[in-house]
Amino acid sequence: MDQVYRDSGGRDDVSTNWIDGSDTSLSGETSWKWDTMDCTQKISSTFSWTPPPLVIYPESSFNMSFSLDQNSCSNCLAVDSTLGAQANTPTSMGYGNQGMTGRGMNAAQLTVGCISGAKEKKTHTFWTSTAPTEYVTGKDRDFAINIVCTMYQEWYFIQYYYLWSDTESPAQEQELFKPLSEWSVQEYGPMGNYDGIWKVSADGKTIDASWSGGRITDIIEIQSVMDNYVQLFRKGNNGYYTGSLTSDGIIQGTASWYTEGQTWTAKILKKD
């Protein structure tokens with residue numbers, strides 16, 4: 001991730017308080033009261049998403065999961081909260097194009113209505129079959145993931161800048177990521193201790209993972225390896241493993257669903 005850009009705006013007669021939860025979550029509370037209203041209208045929403053990969057590669061795909069929760073007062077107007085995401089070249093965005101339908105390579109959008117406690121979750125696959133429209137080799141900030149959160153007519157815009165690679169993922173350059181390599185994996189900490197065997201697929205793009213002697217299994221996507229930083233996507237729980245690759249070929253890191261103190265390590269067990 002090169003940089004995160006933030007901006008917000010909306011109507012002058014609507015008041016919104018935005019609170020950053022993290023780089024991948026945001027909460028907001030919007031209120032307004034016009035002369036014809038008996039009481040103040042108020043909605044609050046929480047927006048969250050999983051992080052995209054650090055590097056975007058051609059002819060590949062990556063998944064992001066999104067969650068949107070909204071609460072509103074019982075007599076609130078029938079207004080929506082929306083969470084939208086797109087993957088393309090950097091662009092200026094604001095209220096009016098938060099849906100992003102047809103923009104960029106493809107887009108994801110969630111919408112919840114005025115019912116208090118309304119929720120929506122989804123996982124979206126972004127495809128990167130070609131370079132972004134305005135891509136220029138060697139240019140900084142070649143590629144962007146754009147997130148737009150809206151409540152009524154108030155919007156908050158988050159843009160992640162990422163680098164576009166002209167080559168395939170360098171993961172296979174590492175012995176650990178060679179096709180059919182097997183890893184010995186340990187996930188230890190307050191959430192429990194799990195020993196696993198992970199095997200890289202023949203095409204080098206995914207990992208067949210098992211834990212506890214095969215009683216638990218899942219598929220893990222190899223998303224990016226950049227400057228010894230590793231990011232993997234676990235399909236079963238829509239979560240991300242991140243870690244650093246040490247000089248002796250061991251990965252040490254954490255995961256998006258871990259509690260504090262939980263870690264994972266992986267080392268090569270077998271090379272085909």
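Only this structure's heavy atoms are used, side chains among them; waters, hydrogens and symmetry mates stay out. Nothing here was measured: the structure is a model prediction, and the numbers come from that model.
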Applying the 4.5 Å side-chain criterion to the ILVMFWY set and letting contacts propagate, would Tyr188 and Val185 be lumped into a single cluster?
no
Is there side-chain contact between Tyr241 and Ile220, with heavy atoms separated by less than 4.5 Å?
yes
Heavy-atom closest pair, residues Cys149 and Trp49
SG-CZ3, 4.2 Å
Taking every heavy atom of Gln70 against every heavy atom of Val112, the minimum-distance pair comes out as CB-CG2, 3.5 Å
Can you list everything that forms a salt bridge (Lys or Arg N to Asp or Glu O under 4.0 Å) with Asp218? Sequence neighbours excluded, please.
Arg234
Set of side chain to side chain donor-acceptor pair (under 3.5 Å) partners for Trp211, sequence neighbours left out
Glu187
Thr217: which residues meet the side chain to side chain contact (heavy atoms under 4.5 Å, CB included) condition with it, sequence neighbours left out?
Ser210
Nearest heavy-atom neighbours spanning Pro179 and Val200:
CA-CG1, 4.0 Å
Do Thr30 and Thr16 have side-chain atoms, one donor and one acceptor, less than 3.5 Å apart?
yes
Please name all residues satisfying side chain to side chain contact (heavy atoms under 4.5 Å, CB included) with Asp13, sequence neighbours left out, ordered by chain then number.
Arg11, Trp34
Are Trp257 and Val230 in one and the same hydrophobic cluster, where Ile, Leu, Val, Met, Phe, Trp and Tyr link if side-chain heavy atoms are under 4.5 Å apart?
yes
Side chain to side chain contact (heavy atoms under 4.5 Å, CB included) between Lys122 and Leu110, worked out
CA-CA 8 Å; Lys122 73 180 300 184; Leu110 286 75; 3.3 Å; yes
Exercise: identify the closest heavy-atom pair between Met151 and Ser81
CG-OG, 3.5 Å
Sorted by chain and residue number, the side chain to side chain donor-acceptor pair (under 3.5 Å) partners of Thr254 (sequence neighbours excluded) come out as none
Atom CD1 in Ile19, atom OG in Ser44: separation rounded to 0.5 Å?
10.0 Å
For Asn17, side chain to side chain donor-acceptor pair (under 3.5 Å) partners two or more places apart:
none
Closest non-hydrogen atom pair, Gly10 against Trp155:
N-NE1, 3.8 Å
Working to the nearest 0.5 angstrom, can you tell me the gap between Tyr194 OH and Arg215 CZ?
10.5 Å
Atom pair OG (Ser48) and CD1 (Ile147), whose distance is rounded to the nearest 0.5 Å:
10.5 Å
Close side-chain approach of Asn238 and Thr50, heavy atoms under 4.5 Å
no
Residues two or more places apart in sequence or in another chain: which of them pass side chain to side chain contact (heavy atoms under 4.5 Å, CB included) with Ile219?
Thr206, Asp208, Lys235
Which residues share a side chain to side chain donor-acceptor pair (under 3.5 Å) with Ser65, sequence neighbours left out:
Thr123
Show, in sequence, the C-alpha distance, side-chain angles and deciding distance for Trp32 and Thr40, and conclude whether the side chain to side chain contact (heavy atoms under 4.5 Å, CB included) test is met.
CA-CA 6 Å; Trp32 68 98; Thr40 300; over 6 Å; no
Is there a side-chain contact between Lys42 and Glu29 (heavy atoms, below 4.5 Å)?
yes
Same cluster or not: are Ile268 and Trp198 linked, directly or through other Ile, Leu, Val, Met, Phe, Trp or Tyr residues, by side-chain heavy atoms under 4.5 angstrom apart?
yes
Considering residues, nucleotides and ligands other than Lys121, do more than 12 of their heavy atoms fall under 6.0 Å from its NZ?
no
Partner residues of Ser184 under the side chain to side chain contact (heavy atoms under 4.5 Å, CB included) criterion, sequence neighbours left out:
Lys267, Leu269
So, for Thr242 and Trp264, which heavy atoms are closest and what is the spacing to 0.1 Å?
O-NE1, 3.1 Å
Any side-chain heavy atom of Met191 sitting closer than 4.5 Å to one from Thr259?
yes
To the nearest 0.5 Å, what is the distance between CD (Glu154) and CD1 (Ile43)?
9.5 Å
Could you work out, with salt bridge (Lys or Arg N to Asp or Glu O under 4.0 Å) as the rule, every residue matching Asp20, not counting sequence neighbours?
Arg6
State, yes or no, whether a side-chain contact exists between Pro190 and Gln262 at a heavy-atom distance under 4.5 Å.
yes
Counting N and O atoms only, with roles assigned by atom type, does the side chain of Gln252 sit under 3.5 Å from a partner on the main chain of Thr263, one being a donor and the other an acceptor?
no
Rounded at 0.5 Å granularity, tell me how far OG1 in Thr24 sits from CZ in Phe66.
11.0 Å
Tell me if a side-chain donor or acceptor on Gln223 pairs with a main-chain N or O of Gln231 at a distance below 3.5 Å.
no
Partners meeting ring-ring contact (aromatic ring centres under 6.0 Å, His included) with Trp18 (sequence neighbours left out)
Tyr156
Value rounded to 0.5 Å, distance of CG in Leu68 from OG in Ser45:
5.5 Å
For Thr150 and Thr82: C-alpha separation, side-chain torsions, deciding distance, then whether side-chain hydrogen bond (donor to acceptor under 3.5 Å, both in side chains) applies.
CA-CA 5 Å; Thr150 64; Thr82 64; 2.2 Å; yes
For Phe233, give me all partners under ring-ring contact (aromatic ring centres under 6.0 Å, His included), at least two apart in sequence or on another chain.
Tyr240
In the structure I gave you, are the side-chain heavy atoms of Thr111 and Leu83 within less than 4.5 Å of one another anywhere?
no
